Q: 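Got a structure here, written out as structure tokens. Questions coming.
None of the values given here were measured: they were computed from a predicted structure.
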Amino acid sequence: MPRLVPPVLAPGALASSAQPTLAADDDLILRRFEPDDVPAVLDAFADPAVQRWNLRRLDDPDEAADWVLGTHAGWSSETAATWAARTADGAVAVRVTLYLRLAAGQGEVTYWVLPSARGRGVAARAVRAVTDWAHGAGFQRLEIRHSVENPGSCRVAERAGYPAEGTLRRALLHDDGWHDMHLHAHVVDS
């Protein structure tokens, strides 16, 4: 069936090249996860806050290695782009994933922050870098959704330039029941 509106981004628009390395600033560089990041991934998913808001845990290095390879597959299939944000000392501080909807020119941003990096503004800086890249690549609208019970994520979204648009009622099931979700968005100005 023919489409009446052409895709905003054609299939192959991203996967035809390597996932880019992004610079949030001189102290924060974003690149794809690599096998040497497995210990940081294990540390992140061992954290109760990461588990609570990301709804998963990893139990051993093999699972973490599979997770890393899964992030590469997301780029290749053009379904997701995942970056490890590293501080100046080389430590992984933040994970930012942009779930991609190429035809619509839209994406959803998710993130977690390692406990050692919290409270330093690294997540908002990393999200801004991904946002700038995504808009430059042709994405028109990016969204962030988080539980209304997660004020830290709300602060990251706001500091990254994503104003709140509303609340999605009973939008995601957590281990303690259904959560309302805040919806934030960043759009290309026309």
Q: Between E78 and A15 (side chain of the first, backbone of the second, donor and acceptor by atom type, cut-off under 3.5 Å), is there such a pair?
A: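 Yes: the side chain of E78 pairs with the backbone of A15.
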Q: In this structure, would V156 and M181 fall into the same cluster of hydrophobic residues linked by side-chain contacts under 4.5 Å?
A: no
Q: Crowded around R3 CZ? As in, over 12 foreign heavy atoms under 6.0 Å?
A: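 Buried by this count: over 12 neighbours within 6.0 Å.
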Q: Using a strict threshold of under 4.0 Å (side-chain N to carboxylate O), is an ion pair present between R141 and E108?
A: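 No, no charged N to carboxylate O under 4.0 Å.
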Q: Between D27 and R125, does any side-chain N to carboxylate O distance fall below 4.0 Å?
A: no
Q: Answer with yes or no whether the hydrophobic clustering places L114 together with V122; edges join I, L, V, M, F, W, Y residues whose side-chain heavy atoms lie under 4.5 Å apart.
A: no
Q: Using a strict 4.0 Å threshold on nitrogen-to-oxygen distance, state whether R145 and D180 make a salt bridge.
A: no
Q: So if you build clusters from Ile, Leu, Val, Met, Phe, Trp, Tyr with side-chain heavy-atom gaps below 4.5 Å, do Y111 and L98 land together?
A: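 Linked within one cluster.
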Q: Does the side chain of R32 come under 3.5 Å of the side chain of Q19 through a donor N or O and an acceptor N or O?
A: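 Note: R32 and Q19 side chains miss the donor-acceptor criterion.
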Q: Is it true that atom CG of D60 has more than 12 heavy atoms of other residues, nucleotides or ligands lying nearer than 6.0 Å?
A: yes
Q: Under 3.5 Å, is there a donor on one side chain and an acceptor on the other for R95 and N54?
A: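 R95 vs N54: donor-acceptor pair found between side chains.
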Q: Run the salt-bridge test on R52 and E149 with the 4.0 Å N-O cut-off and return the result as yes or no.
A: yes
Q: Are Y99 and W133 linked, directly or through other ILVMFWY residues, by side chains that come within less than 4.5 angstrom of each other?
A: no
Q: If hydrophobic clusters are built by linking Ile, Leu, Val, Met, Phe, Trp and Tyr wherever their side-chain heavy atoms come under 4.5 Å apart, do W75 and L69 end up in the same one?
A: no
Q: Under 6.0 Å between ring centres: does that hold for F45 and W67?
A: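 Aromatic pair counts; centres sit under 6.0 Å.
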Q: Going by distance alone, is a donor N or O of one side chain under 3.5 Å from an acceptor N or O of the other, for S147 and H179?
A: yes
Q: If we ignore angles and hydrogens, is there a donor and acceptor under 3.5 Å between the side chains of T82 and T97?
A: yes
